[in-house]
**Q** 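If you scroll down you'll find the structure; I have some questions about it.
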Amino acid sequence: MQEIYPRFYHEFKCIANRCEDSCCKDWDIDLDSATEAFYRTVKGPLGDKMRRLAVTDEDGDRVFRSVGGRCPFWNDDMLCDIFIGVGEEHLSETCANFPRVAVDYGGFREHLLSFACPEAARFMLRSDSGAYADFGGAVEYSVSEDRDDGMSFLLKARARTARLLTDRTVSLAYRLADCLEFNAQVQCVLDGFEPAPLPEAEGSGGCGFILEMHQGFEIMSDAWRDALKQTAARADSLRIRDDFDDAFEQFALYYLYRYYLEAVNSGDVMYAMRRMTCAYLVTGKMDALFFEQGYPYERMRILQRYSKEVEHSYENTDALNACFEQDERFSPEKLIQCVIHNASFLNP
Ligand code: SF4
C-alpha cells in the first residue's frame, strides 16, 4: 500500500488548551466499540461518568453528547479528563485521529489534515501548491483490478484540475471558472457523452441563493449564524477581495484532494467542484465583510469554521447534495457566472 502525505503532515501537533476552536467544542464524540468496551472497565468516578454519558444517537452510533457545546470530558483548564485519567492510548479513534484523515483507494492511501482544526488550517495556509506534490504521482500507484482505468482517468483529471487551480498567472475566480468548465467536460466523459461546450448562462450572476441555502443548514455556533446573516444581507454588494486568492487556493486544494476521487464510486466529479465553488462564494463574501469590519475573526477562522460547520456535517453535506441535484442554478455555467461576477477584479 502506497501511503501519500502532504509535505506539512508530519509537522502537525495538536496545540491542546491553546486552541481557539477546539475539536472538543460543538461536536458529539463518536465512540468506537473497542474504546467503549475499555471504558466499561474503568473504575472510579471517571468510569462511572463514561458509562453514564455514553448514549446511542439518532443514527445508531454510540457517542458522548456535547453538553452546552462542550465535550463533557473537556475540563475547565481546556484539557481532556480521559487523556489525563486513562492515557492518550485510550482516546476514541475519532479523538486520537482528528484532524488526520486517511482515504484508502485500494492501491494507495491518501492522508490529509482537516481544515476544521485551526492549527492544521494554519499549516495549510502557510504552505504552497508544492505541499501536495506527491499526490500527483498517485497515478503510478493505481494498480487495482477493474477500477484501474477509471481511477487512472480520475487521477489525471485531478492533476489537471490542480494545475488549473494553482496557475497564479490568472485570478482565482478565473481559475475556478476554468476548473468548472474542464470538469464539466470530464463529467461528460464519465457519463458516456461527447464533451460539449457549456451553454451561455442566463441571469445576473448573483449568489444570494447560495448564502440563503447556507443559512438554512444546521448551524452550531451563534457567531457563524450571525456572520452568515450579515453576509447574506450584503450578498449583492460585497465583492470577493483579490488578496483572498492565496488563502482560498489552499482551501480549494484541500477540497480537491479530500473529495475529488470519491467519483471513483459516485461517478460524479462535479460534486467536489460545486462544493468548492459554494465554499469560495460564502467564505469570500464573508472575508470581504470582515475586511470592512477590521476582521473580528481572522481570515483563517472563516475557512476553518466553514469546514467545521458545513464540510464536517453529514446533514449539511446531504442538503448540499440535494440542492445540487435539484436546482439548475448549480449548473456549471451558472456557477462560472457567479464566481466571475462576484470577484472584485471585474467589479471594483
Ligand atoms: S482542533 Fe486541532 S489543535 Fe485544536 S484541540 Fe483539536 S486537534 Fe488540537
Side-chain angles (χ1 to χ4, degrees), residues 5-32 35 39 46 49-50 53 61 63-103 110-127 131-132 218-225 227 247-248 250-251 253-255 257-259 279 283 286 295-314 316-317:
Y5 300 89
R7 299 279 161 93
F8 49 78
Y9 184 92
H10 295 293
E11 287 169 49
F12 169 80
K13 276 195 177 56
C14 169
I15 55 172
N17 58 348
R18 288 181 292 121
C19 181
E20 58 271 70
D21 191 6
S22 171
C23 45
C24 307
K25 261 170 83 177
D26 299 322
W27 284 328
D28 294 342
I29 305 297
D30 284 341
L31 284 173
D32 54 281
T35 301
Y39 290 174
L46 179 63
K49 184 173 174 182
M50 287 164 157
L53 295 182
D61 297 323
V63 297
F64 289 138
R65 286 260 190 234
S66 143
V67 179
R70 297 172 60 98
C71 170
F73 294 92
W74 197 36
N75 67 28
D76 291 344
D77 297 324
M78 297 202 291
L79 295 170
C80 172
D81 281 337
I82 295 179
F83 186 110
I84 294 165
V86 293
E88 185 177 6
E89 65 275 24
H90 293 301
L91 293 176
S92 71
E93 281 176 19
T94 300
C95 295
N97 291 336
F98 186 83
R100 298 166 193 86
V101 181
V103 190
E110 293 186 339
H111 299 261
L112 294 165
L113 298 178
S114 169
F115 235 99
C117 162
E119 183 66 357
R122 271 187 282 272
F123 271 89
M124 285 179 266
L125 292 175
R126 280 197 298 264
S127 62
Y132 297 96
E218 183 180 86
I219 294 175
M220 292 181 284
S221 99
D222 290 341
W224 181 254
R225 182 180 290 103
F248 196 81
Q250 289 307 312
F251 192 86
L253 285 172
Y254 159 68
Y255 255 40
Y257 291 113
R258 177 71 187 83
Y259 296 109
T283 59
M286 196 177 286
Y295 284 104
Y297 293 95
E298 61 181 303
R299 177 173 276 164
M300 176 278 285
R301 291 297 306 281
I302 299 171
L303 293 163
Q304 175 263 328
R305 199 67 210 184
Y306 187 92
S307 171
K308 189 163 180 174
E309 292 275 357
V310 181
E311 182 204 348
H312 280 269
S313 159
Y314 294 122
N316 291 343
T317 50

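Remember, it's 1-based here, ligands and their atoms both numbered in the order they're listed.
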**Q** Do the side chains of H312 and W27 get nearer than 4.5 Å, heavy atoms only?
**A**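 Of all side-chain heavy-atom pairs linking H312 with W27, at least one is under 4.5 Å.
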**Q** I need the protein N, O or S atoms closer than 2.8 Å to atom 2 (Fe) of ligand 1, given as residue plus atom name.
**A**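 Near atom 2 (Fe) of ligand 1, the protein supplies C117 SG.
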**Q** Answer yes when E119 and R122 have at least one side-chain N-carboxylate O distance shorter than 4.0 Å, and no when they do not.
**A**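 Judged by the 4.0 Å cut-off on N to carboxylate O distance, E119 and R122 do form a salt bridge.
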**Q** CD of E93: more than 12 outside heavy atoms within 6.0 angstrom?
**A**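 Open: at most 12 neighbouring heavy atoms sit under 6.0 Å from CD of E93.
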**Q** So, using ring pair (Phe, Tyr, Trp, His ring centres under 6.0 Å) as the criterion, who are the partners of Y297 when residues are at least two apart?
**A**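 Not a single residue meets the ring pair (Phe, Tyr, Trp, His ring centres under 6.0 Å) criterion with Y297.
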**Q** Run the side-chain contact (heavy atoms from CB on, under 4.5 Å) test against V67 and tell me which residues pass, sequence neighbours left out.
**A**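 V67 satisfies side-chain contact (heavy atoms from CB on, under 4.5 Å) with P72 once adjacent residues are dropped.
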**Q** Using a 3.5 Å cut-off and no angle test, enumerate the donor-acceptor pairs between side-chain atoms of residues 81-90 and protein atoms at least two apart in sequence or in another chain.
**A**
unit_1, atom_1, unit_2, atom_2, d
D81, OD1, N75, ND2, 3.0

